[in-house]
Each structure stands twice: as structure tokens, then as C-alpha cells.
*Asks:* 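Shown below is the structure under consideration.
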Amino acid sequence: MATTAPPTTDEAAAIWSTKAQVLDRNWQDWLAAHTTFLFPLHHCEGTFSLTPTELVFTGFHKRDPKDPQPGNDGGEAARVVIRISKADIVDVVHGFDEAFSVWQERTLGLSYKPLIVRFRRPAGSTGSADPTDGEGVDAIYFGLNVDPIKKRWGDNALFKAKLDDWLKA
């Protein structure tokens, strides 16, 4: 009888935005993020997975047009997959920065603070490089297992500790 290995990932429901999306937010994004019973500022929804070698965000942009792939009947949004290699991660912060400030959050950080992963983009890729962060460094802002009804509490603090341990291993 074959035995199965224990799971090698940690997963959570996720909401996220790239730095470019946060910097390009509009009044609709601000209004949604400040409305009771809605999620904090985000552009994508899906799943966060932590594997031994990378972070993976898989989901859908909440406003993108339907997926134009052959065979799609128009009922699915375009799929978003972001993979960040462990070796490319510069740092992880549970809090705010110059792009996603405390003013972007309805509770002013009292119950929700995003997790921010700053990472080096592979050469030749595009993104929202911020010269103050260094050449080619980008960021993704996310929330894990966030419940908008329960004052936005989620598992960001728990996953910050997991990410810190994962980066040290």
C-alpha cells in the first residue's frame, strides 16, 4: 500500500492587488474598500499557496472582461496566476507603505493590515518598479481568509509568521 506524503503547501482564500493596481486605484476602488461589509482594497480574488519554493496566487481579476480562450462560453473571468520564487523575495511586511497607506483602509489599520511581499522581478518582465525600492523591485498587497463581516479580521498575522519561518528555512 502506497503512502501519501503530507501536504507541502499552506493555502488560504486570498484577495490581492499589485503595486501598479494600488497606485492606479480609482474612486470606485476607494468607495468599495470603505463600504461596510465589503473587502479591503483589492483587484483580484482567489487562492494563496505557499510551496517549498514559491508563493502562488491563483484567481480572477474582479473587473476583467471574460476569458477569450477557445472553448470558454463567456461565463468565466480571465484567470490570473502570479508566481514569486522564494529566492526573489526581498521582504515581507504586515502593515502599510507609501503605496497602500492607512488611509486606503476603512478601519485605519485597527483591524486590517495588508501583507506586503516585495520581490525582485525577473529580468525583462514588466511591473510597477518603484525606484525608491531599488531597481526591479515590485510589491503585491494581499489579505488572507479575510471576513468583511467580522470587522475584516483575517489570517494576515498568522501567515506573516509562516512566511518569516519559510524564508529562514
Side-chain angles (χ1 to χ4, degrees), residues 7-86 88-89 92-94 96-97 99-101 104-107 111-122 124-130 137-160 162-163 166:
T8 58
T9 64
D10 284 305
E11 290 189 356
I15 57 174
W16 73 89
S17 294
T18 64
K19 187 170 191 176
Q21 291 167 329
V22 170
L23 293 172
D24 195 37
R25 64 192 170 272
N26 59 32
W27 68 269
Q28 291 171 317
D29 297 325
W30 186 92
L31 184 61
H34 286 80
T35 301
T36 303
F37 303 121
L38 294 182
F39 287 103
L41 177 65
H42 72 287
H43 293 82
C44 299
E45 300 174 2
T47 304
F48 163 91
S49 299
L50 179 62
T51 76
T53 59
E54 65 185 357
L55 302 178
V56 182
F57 295 91
T58 306
F60 300 93
H61 190 289
K62 64 183 185 179
R63 279 197 220 119
D64 268 356
K66 301 303 177 191
D67 188 352
Q69 298 300 316
N72 183 352
D73 63 3
E76 296 180 23
R79 186 177 169 98
V80 175
V81 178
I82 298 174
R83 295 179 176 276
I84 305 171
S85 169
K86 183 177 183 178
D88 291 332
I89 295 176
V92 178
V93 175
H94 182 211
F96 299 93
D97 68 4
F100 195 128
S101 73
Q104 302 310 315
E105 168 48 31
R106 177 174 53 88
T107 67
S111 65
Y112 176 82
K113 295 179 183 108
L115 273 173
I116 306 167
V117 172
R118 292 186 184 97
F119 60 96
R120 286 182 288 287
R121 290 190 326 265
S125 68
T126 59
S128 59
D130 179 349
V137 174
D138 206 343
I140 188 165
Y141 302 81
F142 58 102
L144 300 173
N145 296 330
V146 177
D147 184 345
I149 296 173
K150 293 181 181 176
K151 298 187 181 186
R152 299 181 181 222
W153 294 110
D155 290 336
N156 288 1
L158 171 71
F159 274 89
K160 166 65 165 108
K162 284 185 181 194
L163 285 167
W166 176 74

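Computed from heavy atoms alone, side chains included, the values below leave out hydrogens, waters and symmetry copies. Not measured: the values here are computed from a predicted model.
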*Asks:* Please name all residues satisfying salt bridge (Lys or Arg N to Asp or Glu O under 4.0 Å) with Lys162, sequence neighbours left out, ordered by chain then number.
*Replies:* Asp10
*Asks:* Find out whether Ile116 and Val92 are in side-chain contact, i.e. whether some heavy atom of one side chain is under 4.5 Å from a heavy atom of the other.
*Replies:* no
*Asks:* Would you please name every residue forming a side-chain contact (heavy atoms from CB on, under 4.5 Å) with Thr53, sequence neighbours left out?
*Replies:* Thr51
*Asks:* Side chains of Leu50 and Leu163, heavy atoms from C-beta outward: is any pair under 4.5 Å?
*Replies:* yes
*Asks:* Would you mind reporting whether Tyr141 and Leu115 have side-chain heavy atoms less than 4.5 Å apart?
*Replies:* no
*Asks:* How far apart are the closest heavy atoms of Thr47 and Trp16, and which atoms are they?
*Replies:* N-CZ3, 4.2 Å
*Asks:* Please identify each residue that fulfils ring-ring contact (aromatic ring centres under 6.0 Å, His included) with Phe142, with sequence neighbours left out.
*Replies:* Phe48, Phe57
*Asks:* Hey, does Arg118 have a side-chain heavy atom less than 4.5 Å from the side chain of Asp138?
*Replies:* no
*Asks:* State, yes or no, whether a side-chain contact exists between Thr58 and Val80 at a heavy-atom distance under 4.5 Å.
*Replies:* no
*Asks:* With a 3.5 Å distance limit and no angle check, can you tell me whether Asn156 reaches the backbone of His94 through a side-chain donor-acceptor pair?
*Replies:* no
*Asks:* Are the side chains of Phe119 and Leu55 in touch, meaning some heavy atoms are under 4.5 Å apart?
*Replies:* no
*Asks:* Which heavy-atom pair separates Glu54 from Trp166 by the least distance, and what is that distance?
*Replies:* N-CZ2, 3.6 Å
*Asks:* Going through the checks in order, is the side-chain contact (heavy atoms from CB on, under 4.5 Å) test met by Val56 and Ile82?
*Replies:* CA-CA 6 Å; Val56 182; Ile82 298 174; over 6 Å; no
